[in-house]
Amino acid sequence: MNNVRVRFAPSPTGPLHIGGVRTALYNYLFARKHKGTMILRIEDTDQSRYVPGAEEYIMESLEWSGIHIDEGVREGGPHAPYRQSERKEIYHQYALELIEKGHAYYAFDTPEDLENLRKQAESGHKPFVYNFETRLHLKNSLSYSKNETENSISSGQPYVIRFKTPEHSEVVMQDIVRGTVVVKTETLDDKVLFKSDGLPTYHLANIVDDHLMGISHVIRGEEWLPSLPLHVLLYEAFGWQPPVFAHLPLLLKPDGNGKLSKRDGDRLGFPVFPLRWVDPVSNEVSSGYRESGYFPEAFINMLAFLGWNPGTEQELFSIDELTEAFSLERVNKSGAKFDPDKTKWFNHQYLLKKSAEEISHLFHAILKQKGINTSEDYVFRVVNLVRDRVNFVHEIWNECYFFFEAPESFDEQVVQKRWKPETAGQIREIVSILDEIDPFEPSAIDMAIKEWIIQKGYNTGAVMNAIRLLLVGTSKGPHLSDIMHLVGRKETTARLQKGITILG
RNA sequence: GCUCCCUUCGUCUAGUCAGGCCCAGGACGCCAGGUUUUCAUCCUGGUAACAGGGGUUCGAAUCCCCUAGGGAGUACCA
């Protein structure tokens with residue numbers, strides 16, 4: 001395939017949600033796979049829905065996800081500008097071209113007119129449709145005389161331009177994911193192409209821009225499938241070669257049915273946005289994957305598998321491997337329910353996959369925030385002991401705090417179970433044994449303790465867990481001798497002695 | 001309502017185009033066992049699905065028809 005050019009075309013009406021990121025991802029993978037170009041076009045033709053910060057949010061999200069844009073608002077490119085609001089002048093002439101060719105017409109019906117028509121129709125049984133059956137009875141250049149039309153326009157009456165849907169024919173569409181889709185044109189309505197505010201609707205703008213920007217493949221969400229016939233008809237009306245289409249399955253909410261929405265995340269406790277977002281009006285905060293501690297690689301890997309799979313049993317893919325393996329032919333037709341648990345699992349896998357140095361470095365930063373100053377080397381050794389126990393870097397603290405500070409209290413349940421009348425005496429014995437061990441290293445410590453237990457005939461579980469209780473505060477954590485070795489002899493015996501005075 | 005799309009374990013899915021290799025494979029989750037001085041990790045095992053009904057065929061998850069269910073769209077939004 002040569003000269004692949006794809007675009008991701010979000011509208012800046014709020015934060016980009018993960019469904020949008022997946023669409024961008026598939027576009028990106030497809031472009032890279034075919035050595036093509038990835039374009040970011042901002043579709044802001046509805047100025048009433050403009051949300052400040054949304055555009056920046058989109059770009060930052062893509063950047064964090066590792067989705068690189070070749071041409072776009074920031075990057076520039078041969079077809080700049082890439083923001084539709086800055087391309088205003090372009091669209092009107094194309095709308096006029098359609099009128100000249102007889103594929104579109106002026107319509108003067110006001111929003112109130114249409115509202116009334118809809119209400120009337122509701123009381124009957126049929127809904128109101130602006131189409132071949134009704135357009136001759138409405139206020140437009142098809143029902144008006146040429147004079148009436150010209151007068152209406154020159155008198156400054158607001159108008160829209162509607163597509164004149166052809167009658168009695170079929171639109172046959174090809175979609176890589178869906179196959180052939182056929183629709184009768186009588187079931188279509190005459191969509192508005194150009195609004196009375198002087199801006200095009202999505203339908204016109206996306207066709208004109210895709211054509212002008214040389215887009216070869218349109219990869220977008222399934223919610224666009226119902227307007228595909230209109231789009232194909234528009235390409236025909238202009239006499240342009242349409243791009244290849246691929247409509248992606250929807251991302252569904254984890255419980256029940258329906259499209260994944262912003263609310264589901266808050267309700268079910270997982271992020272639906274790549275980055276944290278604070279609504280500029282309500283100040284409402286939505287959590288993000290980045291801030292929740294997900295690695296972008298894990299996030300992308302998870303997203304790639306929602307609606308696509310390589311057909312092999314491999315599940316962990318770097319973005320390069322995804323690029324290599326990806327194909328639109330292997331994209332599923334049906335919607336995918338989003339699974340927060342699997343997403344955590346992906347992150348766990350990446351946490352294991354990354355170098356100990358990297359994880360350790362990330363965790364060191366968290367320690368600094370907590371005001372704990374310690375060496376890079378010490379953190380490295382601690383992290384190595386506990387990192388396979390967590391899904392996120394920020395969870396490491398909970399697994400290893402006792403390497404950095406003595407326990408503040410002792411788990412009551414464990415005390416009940418492990419602290420017996422004879423325990424204090426045993427701890428005193430082990431303290432003096434620890435004092436003698438040289439070198440103070442895991443294997444030597446293990447050996448000495450084992451010898452002592454056998455010699456005294458103690459119960460291993462009882463003794464070890466009592467020691468653990470004083471060192472850790474509860475019954476969890478890595479191997480005891482590793483803890484002792486890392487915190488050091490002095491701290492170990494100090495904690496044991498302090499424990500005796502507290503628990504008696 | 002109308003138009004279009006979809007339908008394999010609870011979830012993501014393999015298998016469907018080229019019918020037998022599938023009394024359906026993998027992963028997440030869950031359950032059990034094992035390893036372990038604790039917790040966790042890890043290992044092993046288990047749980048669990050072709051929406052329903054007809055047909056075609058020696059043979060159907062795979063092909064055809066019908067039914068049911070779900071979803072999306074139906075704005076001078078994208």
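Keep in mind that what you see is a predicted model, and the values were worked out from it rather than measured. Numbers restart at 1 for each chain; the letters A, B, ... are given by sequence-line order, proteins then strands.
- As rounded to the nearest Å, B/rG10 and B/rC43 have P atoms that lie 25 Å from one another.
- In terms of phosphate contacts, A/Asn309 brings no side-chain nitrogen or oxygen within less than 4.0 Å of OP1 or OP2 of B/rU13.
- B/rC28 and B/rU44 have their P atoms separated by 11 Å, with the value rounded to a whole Å.
- In terms of the salt bridge (Lys or Arg N to Asp or Glu O under 4.0 Å) criterion, residue partners of A/Glu358 (sequence neighbours excluded) are, by chain and number, A/Lys354.
- For A/Tyr350, the side chain to side chain donor-acceptor pair (under 3.5 Å) partners two or more places apart in sequence, or in a different chain, are A/Asn301.
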Using a 4.0 Å cut-off on protein heavy atoms (strictly under), produce a 5'-to-3' string for nucleotides 67-78 of chain B with B for base contact, S for backbone-only sugar-phosphate contact, and - for none. ---SSSS--BBB
In a table with atom names and distances, give each donor-acceptor pair under 3.5 Å that connects a side chain of residues 45-53 of chain A to protein atoms at least two apart or in another chain.
residue	atom	partner	partner atom	Å
A/Asp46	OD1	A/Ser48	N	3.1
A/Asp46	OD1	A/Ser48	OG	2.6

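- Within a 6.0 Å radius of CD in A/Glu408, no more than 12 heavy atoms belonging to other residues, nucleotides or ligands are found.
- Looking at heavy-atom distances under 4.0 Å, A/Arg220 makes no contact with the nucleic acid at all.
- For the P atom pair drawn from B/rC4 and B/rC66, the interatomic distance equals 14 Å after rounding to whole Å.
- In terms of phosphate contacts, A/Arg330 brings a side-chain nitrogen or oxygen within less than 4.0 Å of OP1 or OP2 of B/rG15.
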List the steps, then state whether salt bridge (Lys or Arg N to Asp or Glu O under 4.0 Å) holds for A/Asp209 with A/Arg7. CA-CA 10 Å; A/Asp209 283 343; A/Arg7 85 304 197 270; over 6 Å; no
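- Separating the C1' atom of B/rC31 from that of B/rU74 is a span of 47 Å, rounded to the nearest Å.
- For residues 170-191 of chain A, the salt bridge (Lys or Arg N to Asp or Glu O under 4.0 Å) pairs, not counting sequence neighbours, are A/Arg135-A/Asp190, A/Glu170-A/Lys184, A/Arg178-A/Glu222, A/Asp189-A/Lys191.
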Sugar-phosphate means primed atoms, P, OP1 and OP2; the rest is base. With that split, encode nucleotides 26-32 of chain B 5' to 3' as B, S or - using protein heavy atoms under 4.0 Å. SBSS---
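- Contact annotation for A/Gly307: backbone-only contact, meaning every heavy-atom pair under 4.0 Å involves sugar-phosphate atoms and none involves a base.
- B/rG55 and B/rG46: their C1' atoms are spaced 38 Å apart (whole Å).
- Nearest-nucleotide assignment on RNA chain B puts the 5′-proximal partner with A/Leu188, out of A/Leu188 and A/Phe305.
- Regarding contacts with the backbone of B/rA14, a side-chain N or O of A/Asn332 is found under 4.0 angstrom from either OP1 or OP2.
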